Number of protein chains: 2
Amino acid sequence: MTDAPPPSSSPSPSSSPSPSSSSPKAPDASRRSERSRRAILDAALELVGENGFAKLTIEAIAARAGVGKQTIYRWWPSKAAVLFEACVPEGIDPASIELPDTGDIAADLKTVLRATVDDLNNERLDAPTRALTAETANDPELGRALTEKVLEPQLQSYVRRLRAAQEAGQVDPDIDLRIALELLVGPLFHRWQTRTLPLTHAYADTVVDLTLRGLTPRP
Amino acid sequence: MTDAPPPSSSPSPSSSPSPSSSSPKAPDASRRSERSRRAILDAALELVGENGFAKLTIEAIAARAGVGKQTIYRWWPSKAAVLFEACVPEGIDPASIELPDTGDIAADLKTVLRATVDDLNNERLDAPTRALTAETANDPELGRALTEKVLEPQLQSYVRRLRAAQEAGQVDPDIDLRIALELLVGPLFHRWQTRTLPLTHAYADTVVDLTLRGLTPRP
DNA sequence: ATCTAACGAGACGATGCGTCTTGTCAAGAC
DNA sequence: GTCTTGACAAGACGCATCGTCTCGTTAGAT
């Protein structure tokens, strides 16, 4: 329910006065209707919840939002991009982007991975997240955006917390923290994607315990 | 290149003579044209290689295969199902389904995970695998088939090899082998899916080393 | 040899695509 | 205060593909 920061369009509102040169497009972002934008994003989220991503249609979004189709095509390259923008503002909790640091790395990791498990089990987030992740296979541009804006910032916060643990002597200094992070996150992601077994807090805890046994300094 | 076993239809060739009762459909599998079936699967593989899964079309498959559309709709529920059947026979190497056992669990796991890395980096397998994995999000039935016929058998072979290691005293007897397997496979899968960093043999080796450090028996 | 259902071909209406056209309207230019 | 401009809602348009449905034709079961 954040007030949706302008999607990083209009980078420098006064830089180049003649947008005519390079591309034949370039709509004027300053004249954009925020009202329509919100209606489109809301409609997309509603419809994806009702019918799933496969049945999501630009025409349906436009109709539900009371908007012309052109208004969607003008500002987004695909329905996936619409859904992405609709999800990200409420999918990312700014407070959760930094991992807690109580000094107990095991406890902190469990806290965060349990929260991740809860998110992945949350019906409201699960469907759109799965849809976007899937669409990544056909839409590399979307994949890059998803990684850069959502995934990577979270992963980096793991790395920071692990580095603190490393400096506190709780993690072997020789270990590549990027890989350490993947050891923790990968198994959760795997279960979520494959739906082979239920994603539970107990599972998250065990992953943390077993992984940390491999990360602790050796005598 | 296996000669395509009849898709497990016609379970008992003489059991119930009247297939008319329950469903209004039920085509006669014994009269099915193997020639058409192969042409369809081949055409699907070709087209997916040429244009990607997103642009794959039932009509295009039918045209390329020299087949009526109905022949596809009669035997497969979706284009994903066609691609699945087209991939599975050559995607599964019967020899690779059992992990090697040289007595050295670390070496054996590295051998297999390196091979997995190679498969995932193989252009020919990568595109269809990604497409099928993605389609799983919208098509739970396909997801179940993929898990049951391809994924789970492979995972079980990991569990067997890990059990042997456990009995040989190389893995802590208290550890849940199902979770141990996910610690190994999850990180690989994560990198493949997110494309955050390249999937290399070195990565596979490090994952094995670090994970095994956590799995070895504690004094 | 007969029967029958799968087959290749393609017509059909329904959808959704992405583009284009029309008239309305509000914000910036003058 | 008028004028200009470009985003806007609405929806028509041609196209692609969908999934269903005939047609004769043909090959396998009996």
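Any value given below was found using the heavy atoms of this structure, including those in side chains, with hydrogens, waters and symmetry copies removed. What you are looking at is a predicted structure, and each value in this text was computed from that prediction instead of being measured. Just so it is clear: chains get the letters A, B, ... in the order the sequence lines come, proteins before strands, and each one is counted from 1.
- Between B:R74 atom CZ and C:dG8 atom C1' there is a gap of 10 Å when expressed in whole angstrom units.
- Candidate nucleotides C:dC20, D:dC18, D:dC8 were compared by shortest atom distance to the side chain of B:Y73, and D:dC18 ranks first.
- A donor-acceptor contact under 3.5 angstrom links the side-chain atoms of B:K69 to the base of D:dG19.
- Using cut-offs of 30° and 60° on the angle between ring planes, the pair A:F189 and B:F189 is tilted.
- Minimum atom distance to the side chain of B:T71 is reached by C:dG8, of the listed D:dC18, D:dA29, C:dG8.
- Among A:V82, A:V150, A:L45, the single residue meeting the side chain to side chain contact (heavy atoms under 4.5 Å, CB included) criterion with A:C87 is A:L45.
- In this structure, B:W75 reaches the C:dC7 phosphate: one of its side-chain N or O atoms is under 4.0 Å from OP1 or OP2.
- Mapping B:S33 and A:R31 onto DNA chain C by nearest heavy atom places B:S33 closer to the 5' end of the strand.
- Between the CD1 atom of A:I58 and the P atom of D:dC15 there is a distance of 22 Å, rounded to whole Å.
- Annotation: of the two residues near DNA chain D, B:E59 and A:G68, the 5′-most nearest-nucleotide partner is A:G68.
- Both A:Q70 and A:A60 lie near DNA chain C, and the one whose nearest nucleotide falls closer to the 5' end is A:A60.
- Remark: the B:R32 side chain and the C:dA6 base include no donor-acceptor N/O pair separated by less than 3.5 Å.
- Spacing between atom NZ of A:K55 and atom C1' of D:dC18 amounts to 14 Å, rounded to whole angstrom units.
- In this structure, of C:dC17, C:dG8, C:dA6, it is C:dA6 that holds the atom nearest to the side chain of B:P27.
- Atom-to-atom, CG of A:D28 to P of C:dC25 comes out at 21 Å; the value is rounded to the nearest Å.
- Using a 4.0 Å cut-off between charged side-chain N and carboxylate O, A:R64 and A:D42 make no salt bridge.
- A salt bridge does not link B:E50 with B:K55: every distance from a Lys NZ or Arg NE/NH1/NH2 to an Asp or Glu carboxylate oxygen is 4.0 Å or more.
- Regarding A:F53, its CZ atom lies at a distance of 14 Å from the C1' atom of C:dG16, rounded to whole Å.
- For the pair A:I72 CD1 and D:dA7 P, the computed distance is 16 Å after rounding to whole Å.
- A salt bridge links A:R130 with A:D126; the closest basic N to acidic carboxylate O contact falls under 4.0 Å.
- A close approach under 4.0 Å does not occur between any side-chain nitrogen or oxygen of B:S36 and OP1 or OP2 of C:dA6.
- At whole-Å resolution of the value, CD in B:E34 and P in C:dA6 are 16 Å apart.
- Regarding B:N51, its CG atom lies at a distance of 14 Å from the C1' atom of D:dA16, rounded to whole Å.
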